[in-house]
S.K.: 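Just passing along the structure, written as structure tokens.
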Amino acid sequence: MNTPANTAITEKPVTTIREIGQHEGQSVTIRGWLYNLRESGKLLFPIFRDGSGIIQGVVPKNAVSPEMFESIKNLTQESSVIVTGKVRADKRAPGGYELDVTDAQVLQRVNPDDPYPITPKEHGVDFLMEHRHLWVRSPRQAAVLRIRAEIIKAARDFLDERGFTLTDPPILTPAACEGTTTLFPVDYFDEQAYLTQSGQLYIEATAMALGKVYSFGPTFRAEKSKTRRHLTEFWMVEPEVAYGTLDDLMVLAEEFISFIVARVLERRRPELETIGRDISKLEKIAAPFPRITYDEAVQMLQDAHAKGLIENKFEYGGDFGSPDETYISSQFERPVMVHRYPAAVKAFYMEPDPERPELALCVDVLAPEGYGEIIGGSQRAESYDLLIKRIHEHELPEEAFRWYLDLRKFGSVPHAGFGMGIERAVAWICGLEHVRETIPFARTLHRLYP
RNA sequence: UCCUCAGUAGCUCAAUGGCAGAGCAUCCGGCUGUUAACCGGAGGGUUGUAGGUUCGAGUCCUACCUGAGGAGCCA
């Protein structure tokens, strides 16, 4: 960090607030922003943040020049500043250390006539989302974004270490995986293209080439959903395994999630504490996860209705609604894997259960604490004849799936894969109310700005 | 698409149909250990928009706009 460019500004070692404890008793420089300023007569308490943490500075009037004292006293919230001072351990400081400020170079002072809008007070959702580009500076939001990054790294490390190859599917696609009403259309020269809903069909192709593959990227759904679990643009990680079966997939899913949670607990505990997550709930997350069939889940729901625990009676054959998923997941402390749904309510590309062909070899992983479905996966239809029949049944354009059907003509094998929604996983692991806080700039039904 | 709720100062919110207010933020003043500091003072408003009822509307009625939560659909 101590490059010539930095030493031009100051001769003291440049450090971060996170690592400032290593410099106790020394004079150091930190580069950041004013988070808040308290004063008590001839004593100033400027609080600085630098992206790594927060530290309180102390400036007695008689310790610095009158000009320096005035300069710090006139600092406004979020003014950028390079601060030099001596690191001192102090029991009164929340982070354990304070900085006895000797110098503060103001790069840009925020104009008090147009002050920083996000004050250290309560704000509403609409206001914060309108100022998301500034809201990300808040300690809580910064912690969530660090955990998100850790979850993504953990997901990729897990797959990379197990012999999966990252193969990036296209974002611009000619057709839908599922219904066309949920696609975002874009002009593609003289043709109509759509933003991808899932990389799945493409990674089925690369799985036939490379064996074990995954994709990680943005996906888009034009669903008019206004709930705490929905974004129109969200990120998915999707592994796909040639010669994989539904049973293989469930083992992969539970090990995958367990690895990610363990990694966050290992490396992002301070951030989990910053956001006030109940860590004991995460410490219970370890494979194996409970597995129940769709039939068993339906029985649970009908028993619950009989006992008056849930409002609506669930009819066999339908897909679970949000309240149903919440009830099922609330019965377990670990994620629960629900498998073998009726094929009629699932996507066209799923392999039927050979023992009960009306069921699909699929699995949904429901996160605990009511966070709903974080993973959906299946063994894929293997036979050309079945697949083309399903494409027709779902009234999908056969022409657009010509290449996909080729995969069943040229060495078709059993294969399986799943997709995990990053934002829902982050919301669950962080214990957040809404997925909009799990991504730097959320795209929701009514928000395209900032 | 449907259901519910909300829109008043920069922000968070008050105001029985009867003078539009408080806290925070901003500005001025005070305080040598403050922890969303505190104390005193100042400035700051076309009450989302358009109609209607009424002696009188922030408040009641209608329509619309914007946002939030939920349903459906989904990760």
Side-chain angles (χ1 to χ4, degrees), chain A residues 35-47 54-63 69 74 76-78 88 90-95 98 100 110-131 134-135 138-139 177-179 181-182 197-200 218-238 311-312 318-326 345-347 364-367 371-377 418-428 433-436 438-439 444-447 449:
Chain A
Y35 182 68
N36 198 1
L37 176 65
R38 288 186 278 262
E39 57 181 298
S40 180
K42 295 173 180 61
L43 200 53
L44 303 178
F45 298 100
I47 301 172
I54 283 182
I55 191 167
Q56 175 167 283
V58 184
V59 190
K61 186 160 192 174
N62 58 17
F69 189 81
N74 286 326
T76 43
Q77 195 190 353
E78 287 302 314
R88 176 170 43 76
D90 194 306
K91 276 180 289 195
R92 291 167 293 192
E98 287 188 341
D100 289 324
V110 173
N111 185 345
D113 294 335
D114 186 14
Y116 186 73
I118 303 179
T119 59
K121 276 279 179 183
E122 275 179 60
H123 298 284
V125 169
D126 187 38
F127 178 80
L128 289 170
M129 286 305 289
E130 201 68 27
H131 295 85
L134 304 174
W135 189 23
S138 303
C177 253
E178 283 136 52
T181 53
T182 61
Q197 288 182 307
S198 161
Q200 183 203 313
T219 53
F220 307 86
R221 307 237 173 132
E223 290 159 5
K224 297 205 168 174
S225 299
K226 282 179 59 167
T227 80
R228 66 187 67 198
R229 298 178 308 281
H230 286 87
L231 300 172
T232 54
E233 178 182 306
F234 66 99
W235 290 65
M236 273 211 290
V237 55
E238 300 179 88
E311 205 170 318
N312 296 317
D319 207 348
F320 301 126
S322 281
D324 303 320
E325 284 184 356
T326 300
V345 299
K346 287 291 180 180
D364 282 356
V365 181
L366 308 182
Y371 280 92
E373 184 182 348
I374 53 170
I375 280 180
F418 65 74
M420 182 179 83
I422 295 294
E423 288 74 20
R424 286 193 185 172
V426 176
W428 163 51
E433 280 291 306
H434 199 297
V435 290
R436 67 184 155 224
T438 66
I439 186 167
T444 58
L445 182 54
H446 293 298
R447 194 171 295 284
Y449 177 95

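Naming: A, B, ... by sequence-line order, numbering from 1 per chain.
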S.K.: Could you tell me which nucleotide pairs with U53(B) by Watson-Crick or G-U wobble geometry, both distances under 3.5 Å, or answer none if nothing does?
M.R.: none
S.K.: Determine the interatomic distance between C1' on U47(B) and the same-named atom on U8(B); round to the nearest Å.
M.R.: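 Here U47(B) and U8(B) have their C1' atoms 4 Å from each other.
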S.K.: Atom CD in Glu130(A), atom OH in Tyr449(A): separation rounded to 0.5 Å?
M.R.: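 One gets 6.5 Å once the value is rounded to the nearest 0.5 Å.
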S.K.: Using a distance-only criterion (donor-acceptor N/O pair, under 3.5 Å, no hydrogens), is the base of C74(B) paired with the side chain of His230(A)?
M.R.: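 Donor-acceptor pair under 3.5 Å: yes.
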S.K.: When you measure from the side chain of Arg424(A) to the backbone N and O of Arg229(A), does any donor-acceptor pair fall under 3.5 Å?
M.R.: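 Flag set: sc Arg424(A) to bb Arg229(A) pair under 3.5 Å.
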S.K.: When rounded to the nearest Å, what value does the distance between P atoms of U16(B) and G21(B) take?
M.R.: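 Nearest-Å result for U16(B) against G21(B) at atom P: 14 Å.
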S.K.: Which nucleotide in the list G67(B), C11(B), C74(B) gets nearest to the side chain of Asp126(A)?
M.R.: G67(B)
S.K.: Using whole Å, what does the distance between atom P of nucleotide G29(B) and atom CG of Asn74(A) come to?
M.R.: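 After rounding, the gap between these two atoms is 10 Å.
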S.K.: Evaluate the side chain to side chain contact (heavy atoms under 4.5 Å, CB included) criterion for residues Leu134(A) and Glu78(A): first the C-alpha distance (whole Å), next the side-chain angles of each, then the deciding distance (0.1 Å), finally the verdict.
M.R.: CA-CA 10 Å; Leu134(A) 304 174; Glu78(A) 287 302 314; over 6 Å; no
S.K.: So if I take every side-chain heavy atom of Lys226(A) and compare against U12(B), G72(B), G69(B), which nucleotide ends up nearest?
M.R.: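 The closest nucleotide is G69(B).
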S.K.: State the pairing partner of A37(B); accept Watson-Crick or G-U wobble contacts with both distances under 3.5 Å, and report none otherwise.
M.R.: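 The base-pairing partner of A37(B), which may sit in any strand shown, does not exist here.
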S.K.: Please report, rounded to the nearest Å, how far the P atom of C27(B) is from the CG atom of Asp114(A).
M.R.: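 After rounding, the gap between these two atoms is 12 Å.
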S.K.: Counting any heavy atom closer than 4.0 Å, what does Pro117(A) reach on the DNA or RNA strands: base, sugar-phosphate only, or nothing?
M.R.: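 If one applies the 4.0 Å heavy-atom cut-off, Pro117(A) turns out to touch nothing in the nucleic acid.
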S.K.: Report yes if at least one side-chain N or O of Arg228(A) is closer than 4.0 Å to OP1 or OP2 of C74(B); otherwise report no.
M.R.: no
S.K.: I'd like to compare against my own output: the B/S/- annotation of nucleotides 32-46 of chain B with a strict under-4.0 Å heavy-atom distance to protein.
M.R.: BBBBBB---------
S.K.: Tell me what His434(A) touches on the nucleic acid: a base, only sugar-phosphate, or nothing, going by heavy atoms under 4.0 Å.
M.R.: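 Sugar-phosphate: the residue His434(A), judged by heavy atoms under 4.0 Å, touches backbone atoms but no base.
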S.K.: At under 4.0 Å between heavy atoms, what does Leu231(A) touch on the DNA or RNA strands: base, sugar-phosphate, or nothing?
M.R.: base
S.K.: Which nucleotide wins on minimum distance to the side chain of Glu373(A), given the candidates A75(B), C11(B), A71(B)?
M.R.: A75(B)
S.K.: Excluding sequence neighbours, so at least two apart, what forms side-chain contact (heavy atoms from CB on, under 4.5 Å) with Thr76(A)?
M.R.: Ser79(A), Arg109(A), Val110(A), Pro112(A)
S.K.: Using the C1' atoms only, state how far A71(B) lies from A15(B), rounded to an integer number of Å.
M.R.: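 That atom pair is separated by 35 Å.
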S.K.: Strictly by Watson-Crick or wobble contacts shorter than 3.5 Å, is anything paired with G7(B), and which nucleotide is it?
M.R.: C65(B)
S.K.: Tell me: CG of Leu366(A) to C1' of A75(B), nearest whole Å?
M.R.: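 In whole Å, A75(B) C1' and Leu366(A) CG are 12 Å from each other.
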S.K.: Taking CG from Leu445(A) and P from G70(B), how many angstroms apart are they, rounded to a whole number?
M.R.: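 About 13 Å, once rounded to whole Å.
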S.K.: How far does the P atom of C39(B) sit from the matching atom of A22(B), given to the nearest Å?
M.R.: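 That atom pair is separated by 15 Å.
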S.K.: Evaluate Gln77(A) against Thr119(A) for side chain to side chain donor-acceptor pair (under 3.5 Å), listing each step before the verdict.
M.R.: CA-CA 8 Å; Gln77(A) 195 190 353; Thr119(A) 59; over 6 Å; no
S.K.: Please round to the nearest 0.5 Å and tell me the distance separating atom CD1 of Ile47(A) and atom OH of Tyr35(A).
M.R.: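 Atom-to-atom, Ile47(A):CD1 and Tyr35(A):OH are 8.0 Å apart.
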S.K.: Measuring only the C1' atom in each nucleotide, how far is U53(B) from G17(B)? A whole number of Å is fine.
M.R.: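 Looking at atom C1' only, U53(B) and G17(B) are 12 Å apart.
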S.K.: Give me the distance, rounded to whole Å, that separates U59(B) from G7(B) when you measure between the C1' atoms they each carry.
M.R.: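 Looking at atom C1' only, U59(B) and G7(B) are 14 Å apart.
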S.K.: Could you check whether Thr76(A) gets within reach of a base, just the sugar-phosphate, or nothing at all, counting any heavy atom under 4.0 Å?
M.R.: nothing
S.K.: State the CZ-CD distance between Phe418(A) and Gln200(A), to the nearest 0.5 angstrom.
M.R.: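 Going from the CZ atom of Phe418(A) to the CD atom of Gln200(A) covers 12.0 Å.
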S.K.: In whole Å, I'd like the distance from the CD1 atom of Ile118(A) to the P atom of C11(B).
M.R.: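 In whole Å, C11(B) P and Ile118(A) CD1 are 12 Å from each other.
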S.K.: Which nucleotide, if any, forms a Watson-Crick or G-U wobble pair with U26(B), using both distances under 3.5 Å?
M.R.: A42(B)
S.K.: What's the CG-P distance between Asn312(A) and A71(B), to the nearest Å?
M.R.: 11 Å
S.K.: Using only atom types and a distance under 3.5 Å, with no angle test, would you say the side chain of Thr219(A) pairs donor to acceptor with the backbone of Phe234(A)?
M.R.: yes
S.K.: So what does Phe234(A) hit on the nucleic acid, given a heavy-atom distance under 4.0 Å: a base, only sugar-phosphate, or nothing?
M.R.: base
S.K.: Does C11(B) have OP1 or OP2 sitting under 4.0 Å from an N or O in the side chain of His123(A)?
M.R.: no
S.K.: Select from Ile375(A) and Arg447(A) the residue whose nearest nucleotide in RNA chain B is closer to the 5' end of that strand.
M.R.: Arg447(A)
S.K.: For Met129(A) and C11(B), what is the distance between atoms CE and P respectively, to the nearest whole Å?
M.R.: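 One finds 17 Å between P of C11(B) and CE of Met129(A), rounded.
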S.K.: What's the gap between G56(B) and C24(B) when it is taken at their P atoms, as a whole Å value?
M.R.: 39 Å
S.K.: Expressed as a whole number of Å, how far does the C1' atom of U49(B) sit from that of U66(B)?
M.R.: 10 Å
S.K.: How far does CD of Glu423(A) sit from CE of Met236(A), to the nearest 0.5 angstrom?
M.R.: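 Answer rounded to 0.5 Å: 10.0 Å.
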S.K.: For Gly372(A), answer base if it contacts any base atom (sugar-phosphate contacts may also be present), sugar-phosphate if it contacts only those atoms, and nothing otherwise; contact means non-hydrogen atoms under 4.0 Å.
M.R.: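 Result for Gly372(A) = nothing.
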S.K.: Less than 3.5 Å between a donor and an acceptor, one on the side chain of Thr182(A) and one on the base of C73(B), is that the case here?
M.R.: no
S.K.: Can you tell me the Watson-Crick or wobble partner of C73(B), both distances under 3.5 angstrom?
M.R.: none
S.K.: Parallel under 30°, tilted from 30 to 60°, perpendicular over 60°: which one fits the rings of His123(A) and Phe127(A)?
M.R.: parallel
